[in-house]
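The next block holds one structure in the form of structure tokens; read it before the comments.
Just so it is clear, the model here is predicted, and its values are computed rather than measured.
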Amino acid sequence: MVRSKLNTVVDQTPASRTFSINVSPYFQKVLISSTSTGVPSLITLRANLKQGEEISITGWKVRGKAGEFQIPRGIERINPFSLTEPGDIIKVKTQDTIYLSSSRGPFGLGKHFKPNTCMGYLKSSYTFPLAVPSSCSIDKPKEEDLLFYLQACQDFIFKKINFSSCEFPDYSKDITVKADTQCTSYLAGLATGFTYNSCFLRHADEPGFTTNEWHVYMNTNLLTQKFDTIELLDQNGLLVDKKTY
């Protein structure tokens, strides 16, 4: 409602107009927290939810002057050696972050995921445009378990192998170790633990295996304009949030 005033004279017949704003029931439950126009460009979304609240954002859209991108399904516990699964609906909880990168994903088109604590084993084989955990760890054998192995074998295991490393050392150039078939058999079995698959089998069901991030690779750049407003729309096209950069 509005009315006019001229000096001390006030209009006694206010005018009114009723209008509605097409905002989502999820308005500002997910925020566009930042945009980066670097190469690759990056749009960061952050969940703004109450404790215990969870919503699905698969099917939502991010839109700007350069086009739009529909948020797809993602794989929460990804196995890059078995990528036939269609993926899960992306659900976000309190304090979750969703990174929308303009680059192509490390595992190919359409493969979006949550990083996990085993991904350090993959960094030598895949290029990750977004940062993922890089640490690796495997339980070190106990000395009493190796009492029946030759001293050279024990020395190699305890002095040459870094059990916090993502890579297993090459023992084929150690002549003494290579000649000891009992030792090489043990080392071959030990080396299988220094792989993503082995780590995945050991830890995938543990709390905290995945981070509270989703990495979504758009393979397109929505931040090509110098000045633009990026909108986040729900599955019905209603406004959740917007940010001008």
Side-chain angles (χ1 to χ4, degrees), residues 47 52 54 72-99 101 105-108 110-150 152-174 177-178 180-217:
E54 180 182 80
R73 288 174 172 262
I75 304 173
E76 186 165 355
R77 287 173 168 79
I78 193 165
N79 187 343
F81 306 107
S82 178
L83 289 173
T84 57
E85 54 206 283
D88 317 297
I89 291 174
I90 294 180
K91 296 180 180 180
V92 296
K93 302 177 183 179
T94 310
Q95 303 301 318
D96 277 358
T97 302
I98 306 93
Y99 294 107
S101 171
F107 306 124
K111 303 304 176 185
H112 318 284
F113 58 90
K114 268 192 166 185
N116 62 61
T117 57
C118 290
M119 286 191 167
Y121 290 106
L122 299 176
K123 297 190 79 171
S124 61
S125 303
Y126 295 89
T127 299
F128 291 90
L130 298 173
V132 298
S134 58
S135 61
C136 300
S137 180
I138 186 173
D139 291 338
K140 190 175 183 178
K142 297 178 181 178
E143 292 187 12
E144 54 265 33
D145 295 332
L146 300 175
L147 291 177
F148 297 101
Y149 289 87
L150 296 177
C153 184
Q154 294 183 40
D155 288 344
F156 185 88
I157 293 169
F158 292 121
K159 296 180 181 180
K160 298 294 181 65
I161 300 176
N162 181 356
F163 290 90
S164 296
S165 171
C166 300
E167 297 182 0
F168 194 78
D170 182 10
Y171 55 86
S172 64
K173 297 178 182 179
D174 189 312
V177 171
K178 186 177 179 181
D180 183 351
T181 55
Q182 184 186 27
C183 185
T184 55
S185 177
Y186 179 84
L187 290 173
L190 195 60
T192 61
F194 286 74
T195 62
Y196 180 86
N197 275 353
S198 178
C199 180
F200 187 90
L201 291 172
R202 293 195 306 270
H203 302 296
D205 294 327
E206 296 176 355
F209 175 68
T210 58
T211 68
N212 62 344
E213 301 175 358
W214 278 99
H215 289 190
V216 177
Y217 292 94

Worksheet item: What is the ring orientation for Phe113 with His215, classed by angle as parallel under 30°, tilted 30 to 60°, or perpendicular over 60°?
Response: tilted
Fill in: Aromatic ring pairing Tyr126/Phe128, orientation class (parallel under 30°, perpendicular over 60°, tilted between)
tilted
Worksheet entry | Test side-chain contact (heavy atoms from CB on, under 4.5 Å) applied to Ile157 and Tyr149, step by step | CA-CA 11 Å; Ile157 293 169; Tyr149 289 87; 5.8 Å; no
Worksheet item: So Ser124 and Glu167, side-chain contact (heavy atoms from CB on, under 4.5 Å) or not? Walk me through it.
Response: CA-CA 9 Å; Ser124 61; Glu167 297 182 0; 4.2 Å; yes
Worksheet item: Can you tell me if Asp180 and Tyr186 form a side-chain donor-acceptor pair at under 3.5 Å?
Response: no
Worksheet, complete the sentence: When rounded to the nearest 0.5 Å, the distance separating SG of Cys118 from CZ of Phe209 is 4.0 Å
Item to complete: State, yes or no, whether a side-chain contact exists between Thr192 and Ser198 at a heavy-atom distance under 4.5 Å.
Response: no
Discussion item. Using a strict SG to SG cutoff of under 2.5 Å, would you count Cys199 and Cys136 as disulfide-linked?
Written reply: no
Discussion item. Rounded at 0.5 Å granularity, tell me how far OG1 in Thr184 sits from CG in Leu190.
Written reply: 12.5 Å
Fill in: Counterpart residues, salt bridge (charged side-chain N to carboxylate O under 4.0 Å, His left out), relative to Lys140 (two or more places apart)
none
Worksheet item: For Glu206, does the CD atom have more than 12 heavy-atom neighbours from other residues, nucleotides or ligands under 6.0 Å away?
Response: yes
Fill in: Distance in Å, Leu122 CG paired with Thr127 OG1, rounded so as to fall on 0.5 Å steps
11.5 Å
Practice prompt. Assess whether side-chain contact (heavy atoms from CB on, under 4.5 Å) is satisfied between His203 and Asn116, documenting all intermediate values.
Written response: CA-CA 10 Å; His203 302 296; Asn116 62 61; over 6 Å; no
Discussion item. Apply side-chain contact (heavy atoms from CB on, under 4.5 Å) to residues Ile78 and Met119 and explain how you reach the verdict.
Written reply: CA-CA 10 Å; Ile78 193 165; Met119 286 191 167; 3.4 Å; yes
Discussion item. Nearest 0.5 Å, please: how far is CZ in Phe168 from CD1 in Ile161?
Written reply: 4.0 Å
Worksheet item: Taking C-beta and beyond as the side chain, do Glu213 and Ile98 meet within less than 4.5 Å on heavy atoms?
Response: no
Item to complete: Give a yes or no answer on whether the side chain of His112 reaches the backbone of Tyr217 with a donor-acceptor pair at less than 3.5 Å.
Response: yes
Discussion item. Quick check: do Thr211 and Thr97 have side-chain heavy atoms less than 4.5 Å from each other?
Written reply: no
Fill in: Nearest heavy atoms of Phe156 and Val177, plus distance in Å
CB-CG2, 4.0 Å
Fill in: Check: Leu146 main-chain N/O paired with Gln154 side-chain donor or acceptor under 3.5 Å
yes
Item to complete: Indicate the atoms forming the closest heavy-atom contact of Asp88 with Glu76, along with that distance.
Response: OD2-N, 3.1 Å
Worksheet item: Should Gln182 and Leu150 count as side-chain neighbours, where that means a heavy-atom distance under 4.5 Å?
Response: no
Worksheet item: Looking only at heavy atoms, what is the nearest atom pair of Ile138 and Phe194, with distance?
Response: CG2-CZ, 3.5 Å
Practice prompt. Measure the spacing between CZ of Phe200 and CG of Asp205 and express it to the nearest 0.5 Å.
Written response: 8.0 Å
Worksheet item: Are Tyr121 and Thr195 side-chain neighbours, meaning at least one heavy-atom pair lies under 4.5 Å?
Response: no
Worksheet item: What distance separates Lys114 NZ from Asp96 CG, expressed to the nearest 0.5 Å?
Response: 5.0 Å
Worksheet item: Is a donor on one side and an acceptor on the other found under 3.5 Å between the side chain of Asn212 and the backbone of Gln95?
Response: yes
Worksheet, complete the sentence: Of all heavy-atom pairs linking Cys166 and Ser134, the shortest is SG-O, 3.4 Å
Worksheet item: Looking just at side-chain N and O atoms, do Asp170 and Ser172 make a donor-acceptor pair shorter than 3.5 Å?
Response: yes
Worksheet item: Just by distance, do the side chain of Asp174 and the backbone of Tyr171 share a donor-acceptor pair under 3.5 Å?
Response: no
